[in-house]
Amino acid sequence: MDHIVTLDGGQEAALQVVADNFVASHKGDVMKALKEMIVLNGHLQEQLDATAGELKYPASLIKRR
């Protein structure tokens with residue numbers, strides 16, 4: 001991990017609300033929500049890498065829906 005982010009109490013509370021809503025959108029299934037987040041992050045990482053000209057997570061490794 002390259003960078004560690006420290007949150008204050010208000011930021012942590014806001015993040016918790018977003019996380020709770022994200023899990024709720026997956027009918028309370030935390031594992032399903034986590035898997036979806038991994039896929040979403042993979043897509044974003046792929047876009048960032050392509051922009052930087054360095055593809056760390058090839059499209060062939062990321063299953064698109």
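What you find for Leu7 and Glu12 is that their closest heavy atoms are CD1-OE1, 3.6 Å.
His26 NE2 to Lys35 NZ: the interatomic distance, rounded to the nearest 0.5 Å, is 11.0 Å. The structure places CG of Leu48 at 13.5 Å from NE2 of His43, a figure rounded to the nearest 0.5 Å.
Side-chain heavy atoms closer than 4.5 Å link hydrophobic residues (I, L, V, M, F, W, Y) into clusters, and following such links, possibly through other members, connects Met31 to Ile38.
When each of Glu46, Gln47, Gln45 is checked for a side-chain contact (heavy atoms from CB on, under 4.5 Å) with Asp49, only Gln45 meets the rule.
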